[in-house]
There are 2 protein chains.
Amino acid sequence: MNFSVAEENYIKAIWHLQRYNDDVTTNLLANQLNTRPASVTDMLKKLKAKKLVHYEKYHGFSLTSEGKKIALGIIRRHRLWEFFLAEKLKFDWDEVHDIAEDLEHVSSKKLIDKLDEYLGFPKVDPHGDPIPDNQGKMETSSAIGLDELEINKVAEVSGVGNQSSELLELLKHKNIRIGTKLEVKKRFEFDQSLEIKIRNLPAFTISEQLAKNLLVKYGK
Amino acid sequence: MNFSVAEENYIKAIWHLQRYNDDVTTNLLANQLNTRPASVTDMLKKLKAKKLVHYEKYHGFSLTSEGKKIALGIIRRHRLWEFFLAEKLKFDWDEVHDIAEDLEHVSSKKLIDKLDEYLGFPKVDPHGDPIPDNQGKMETSSAIGLDELEINKVAEVSGVGNQSSELLELLKHKNIRIGTKLEVKKRFEFDQSLEIKIRNLPAFTISEQLAKNLLVKYGK
DNA sequence: AATTAAATTTAGACAAATCTAAAAATTATT
DNA sequence: AATAATTTTTAGATTTGTCTAAATTTAATT
Ligand SMILES: [Mn+2]
Ligand SMILES: [Mn+2]
Ligand SMILES: [Mn+2]
Ligand SMILES: [Mn+2]
């Protein structure tokens, strides 16, 4: 079956909200999509009719397994395009999302599988988020926030908590990118700031807020 | 200003019809877009309000210069994506059009200019059609049909009259592609078939219909 | 010039996706 | 448990793009 752009945006938004919320509400989804609760209710009826969501009025909703499958297809397209834009077209990391937001709706299966192959079957997008394979499977990340990292253990930056240009600017200035190896030397109790060290460069300090938005994995 | 997918498809269709028809009619456009004449009339009113077409009811229509500019932008996107699909993703020539039909509507200017650069500023798409540059300018082809080529003059295949998989199949079988150098040795009056020769390979015969769909340029 | 045929436009309807305002159901608070 | 606050749904409109059927205009034929 084939879905409209609007339907796809709803499905993807529900999928993302389900990841971090126990129950996804009408208001939450309306807010996420910059739309009105009444519009969400309308769309939920459509998605229910297509068996993409479980939905009983006044009692919440969630994606069916078919709905999740569709969502992963959209996310696959989105993240492959993001990878293409960053890797091949040299877009900055904060520019790729909006463009991928449109490209993700071009739904030729063959296009996406060929793109995947052309890109060398990348495992993560420019923000460190995993890319589902053509079966819809993707790595479940073992990443933790840098604020939770043990002292003096080397770890590698594997992703970010948000993709704003503000965060990108800061990371550029501090020379941190995905793949950077670093360790936490000290945690200051006063403001939870961290002293970190990258290889043999001089140590420097980062804020708690930044640390929480840096996802790291322990060195393999 | 920003245009809907429907508006863009109408603009592009009018542009293409204007190339080969003295006056573009409501019925002709309806036929081209697989829609109804009444729908065309509706859309013409919208496009006139946006100053993209000149239109007086019952008296025909044509693109304004602004309309042509928009059309060339869409055609630029379409052909750059076709080039990308054929060149980078190794799609066959008869598969690229339908996918580009969707991709052309992703209208980020920066995306297209970066894609153009990445592809090395190609001048023609996989069917030999010229790609407008970022100013909307493109080569005006001096190509003629192979059926009009003089006997014993070497020419180079520069494009095709249609992009069907049937034509592609035939050309593959005969080892003819864009760039192939050939000459016409003989024209048979009975059925207007042509004996042609490629380099030092044995000569062979092609139908009038095929000849008319092969565009060639005299050797530079 | 009158009639017929063809092309084009209008009138009115419909589906998709959205909205506002009001009603209904659920949840929280006294 | 009753009342108030919040959330969600319905009712009814609106916009975009499409359609069919009928009316109008233009073009072609007698
Ligand atoms: Mn989207
Ligand atoms: Mn991403
Ligand atoms: Mn199109
Ligand atoms: Mn083409």
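The chains referred to below are lettered A, B, ... by the order of the sequence lines, with proteins before strands, and numbering in each begins at 1.
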Find the distance [X]:[atom1] to [N]:[atom2] and express it as a whole number of Å.
X	N	atom1	atom2	value
Arg36(B)	dA6(C)	CZ	C1'	16 Å
Leu33(B)	dT18(D)	CG	P	8 Å
Asp23(A)	dT27(C)	CG	P	10 Å
Lys50(B)	dT15(D)	NZ	P	14 Å
Asn27(B)	dA6(C)	CG	P	12 Å
Glu7(B)	dT18(D)	CD	C1'	14 Å
Leu29(B)	dG17(D)	CG	C1'	14 Å
Tyr55(A)	dT7(D)	OH	C1'	12 Å

Exercise for the section: Using a strict cut-off of less than 4.0 Å between a Lys/Arg side-chain nitrogen and an Asp/Glu carboxylate oxygen, indicate whether Arg36(A) and Asp42(A) qualify as a salt bridge. Expected result: no
Exercise for the section: Run the salt-bridge test on Glu66(B) and Lys69(B) with the 4.0 Å N-O cut-off and return the result as yes or no. Expected result: yes
Between [options], which nucleotide has the shortest distance from any of its atoms to the side chain of [X]?
X	options	value
Thr26(A)	dG17(D), dT9(D), dT10(C)	dT9(D)
Ser39(B)	dT20(C), dC19(D), dG17(D)	dC19(D)
Thr35(B)	dT10(D), dA11(C), dT18(D)	dT18(D)

Handout entry: Of Asp133(A), Asp129(A), Leu72(A), the residue whose pairing with Met138(A) passes side-chain contact (heavy atoms from CB on, under 4.5 Å)
Key = Leu72(A)
Exercise for the section: Have a look at Tyr10(A) and say if it touches a base, only the backbone sugar-phosphate, or nothing, with a 4.0 Å heavy-atom cut-off. Expected result: sugar-phosphate
Practice task
Assign Thr41(B) to base, sugar-phosphate, or nothing according to its heavy-atom contacts below 4.0 angstrom with the strands shown.
Solution key: base
Practice task
Could you list the residues that satisfy salt bridge (charged side-chain N to carboxylate O under 4.0 Å, His left out) with Glu56(B), not counting sequence neighbours?
Solution key: Lys48(B)
Exercise for the section: Examine dT10(D): is either OP1 or OP2 under 4.0 Å from a nitrogen or oxygen in the side chain of Lys57(A)? Give yes or no. Expected result: yes
Exercise for the section: Output yes when at least one side-chain N/O atom of Lys46(A) is less than 4.0 Å from OP1 or OP2 of dA17(C), else no. Expected result: yes
Handout entry: Distance in Å, Glu82(A) CD paired with Glu101(A) CD, rounded so as to fall on 0.5 Å steps
Key = 8.5 Å
Practice task
Please tell me which of Lys45(B) and His59(A) maps to the more 5' nucleotide of DNA chain C, matching each residue to the nucleotide holding its nearest heavy atom.
Solution key: Lys45(B)
Exercise for the section: Indicate, yes or no, whether a donor-acceptor pair under 3.5 Å links the base of dT7(D) to the side chain of Tyr58(A). Expected result: no
